[in-house]
Amino acid sequence: MAQVLEFKLPDLGEGLTEAEIVRWLVEVGDVVAIDQPVVEVETAKAMVEVPCPYGGVVTARFGEEGTELPVGAPLITVAVGEKPAAGTGGTGAEGSGNVLVGYGTSEAPARRRRVRQERPLSGASATGGRSGAGAADGRAAATAAPVNAQAAGAATAVNGQAGGVATEDGPVPVISPLVRRLARQNGLDLRELTGSGPDGLILRADVEYALRAAGQGATAAPAAEPHPPVPQAPSPASAPGSPATAAPAEIRTPLKGIRGAVADKLARSRREIPDATCWVDADATELMRARTAMNAAGGPKISLLALLARICTAALARFPELNSTVDAEAREIVRFGQVHLGFAAQTDRGLVVPVVRDAHARDAESLTAEFARLTEAGRTGTLTPGELTGGTFTLNNYGVFGVDGSTPIINHPEAAMLGVGRIVPKPWVHEGELAVRQVVQLSLTFDHRVCDGGVAGGFLRYVADCVEQPAVLLRTL
């Protein structure tokens, strides 16, 4: 007979303790497959689709859209069928085993075993074993069959064979459902990976590294080159000199979600990091000409942000002190071997800093594509917590807002941030003569605990040299 299992809001990682329900993806009475997303929630980091580890019929939902729930609060209940014997039809109560951060399928039986299918899973006949969806009655079970045949096929594809789904003694710790989807789309078995996150947590970077090592590219739709946001003009009613209109005495906006997370992080940076800023003007004329020549040669267009990122990674190879963090409790400076480059992106939901993994190992084309993908994900609110964390250095191109300079606030717990102003024609002494050149202001804010002014100045001067003479980069290629 059917049993009802409760699925609670899982720990979404990075110390997040609550999430707001944005949109329910299922209704009471719907049949769901194992690992099917059932709700879209917004955390302080990103929008996340939460998959349910059980297959069956949704019997209850907890919380209306717009409600904020703490981690561990009930999300839905699912009626699943009695667990069948191996090789028989029906639906098991065992969860998928694929989990989000800190969340395990604790309702599943303690003893797990291998399930072997005697024939390939296809069509509506693939309703047995682990991949079938449970039902409270015969009608629901019949409805679940075609839905869960697809889920079973996907799970089989992950293992690279049609004969069965391998399991092991414990769940696979995965940072987000999108990482599982990326592995599934590329036929990668997550159980064969060793995660680089805390306690063996599998990150997106681990999946991408495994795919590159196998000679594959991650399956992703091509994204357009990002465009700067268009400032909105003030409405006539709010313009100076407009007729007076009734206005509230004050407006209070809760510091929660992304806005609250940004506020907390900036305040912590100012409170804990003894920062200093240095800046320099650079002639970017040759860099702009180089980009024009690259794009005229054919192939994917190269973005200016990608060229600046390539310059950053080359500079960090020469001045690795800035690719680090300070462990205050241990009183140690931790220097990183890889450059995970964050970049500031303004979205309708607020400021976010997506992270390009292994930026030091990417060329300009790869960087352009990844910047475009992450920018689009930021605009649509689909960035995962894993894509917003783990940065080691940040690049902030505030020139898109039409400003020349700024003093960046370090993205805690990193040690430095490079800011880039707008590139505009200005009078400049070039080869001993006054000329109109494309000039940009570069600003570096750094944690004075990790280095002194000599290192910071050397880094910034090398960046400026590469901007002025892109051929300087050839020494490090």
Side-chain angles (χ1 to χ4, degrees), residues 1-13 16-43 47-84 89-112 115 127-152 154-155 167 170-172 174 176-177 180:
M1 58 184 295
Q3 58 177 315
V4 177
L5 299 180
E6 183 179 76
F7 173 48
K8 300 178 180 179
L9 177 65
D11 180 356
L12 299 171
L16 301 174
T17 58
E18 64 272 327
E20 179 179 327
I21 296 175
V22 176
R23 181 167 59 101
W24 282 104
L25 305 178
V26 295
E27 302 285 346
V28 173
D30 284 356
V31 176
V32 296
I34 293 175
D35 284 347
Q36 176 182 332
V38 293
V39 66
E40 186 180 62
V41 300
E42 180 180 14
T43 71
M47 296 276 238
V48 179
E49 288 186 349
V50 181
C52 178
Y54 311 118
V57 178
V58 177
T59 58
R61 301 186 320 192
F62 299 92
E64 299 296 327
E65 294 178 356
T67 303
E68 195 167 74
L69 296 178
V71 169
L75 269 180
I76 64 172
T77 54
V78 180
V80 302
E82 185 178 359
K83 184 174 180 180
T91 303
E94 184 175 358
S96 68
N98 291 330
V99 297
L100 296 175
V101 181
Y103 171 75
T105 50
S106 57
E107 300 292 341
R111 182 179 180 183
R112 303 173 66 91
V115 178
T127 58
R130 212 168 155 241
S131 299
D137 53 40
R139 181 174 59 85
T143 307
V147 175
N148 292 301
Q150 181 180 359
T167 65
V172 181
V174 183
S176 80
R180 279 203 310 280

Item to complete: Indicate yes or no: at least one non-hydrogen side-chain atom of Phe62 is less than 4.5 angstrom from one of Leu75.
Response: no
Worksheet item: Taking all atoms of both residues into account, what is the closest heavy-atom pair of Pro51 and Glu49, and its distance?
Response: CD-O, 3.4 Å
Item to complete: Could you pull out the closest heavy-atom pair between Val57 and Gly29, with the gap in Å?
Response: CG1-O, 3.8 Å
Discussion item. On a heavy-atom basis, which atom in Gly72 and which in Lys8 lie closest, and how many Å separate them?
Written reply: O-CD, 3.2 Å
Discussion item. Donor-acceptor pair, distance only, cut-off 3.5 Å: does the side chain of Thr77 make one with the backbone of Ala60?
Written reply: yes
Fill in: Contact summary for Cys52 and Ile76, nearest pair of heavy atoms
SG-CD1, 4.1 Å
Response to the item:
Closest heavy-atom pair, Gly55 versus Ile34, reported as atoms and distance to 0.1 Å, is N-CG1, 3.6 Å
Worksheet item: Taking side chain as C-beta onward, heavy atoms only, is Glu27 less than 4.5 Å from Val58?
Response: no
Fill in: Glu65 side chain to Trp24 backbone, donor-acceptor under 3.5 Å
yes
Worksheet item: Can you name the closest pair of heavy atoms from Gly63 and Ile21 and give their distance?
Response: O-CD1, 3.7 Å
Response to the item:
d(Thr67 OG1, Glu18 CD) to nearest 0.5 Å is 13.5 Å
Worksheet, complete the sentence: Only one of Leu25, Val26, Asp30 passes side chain to side chain contact (heavy atoms under 4.5 Å, CB included) with Gln36, and that residue is Val26
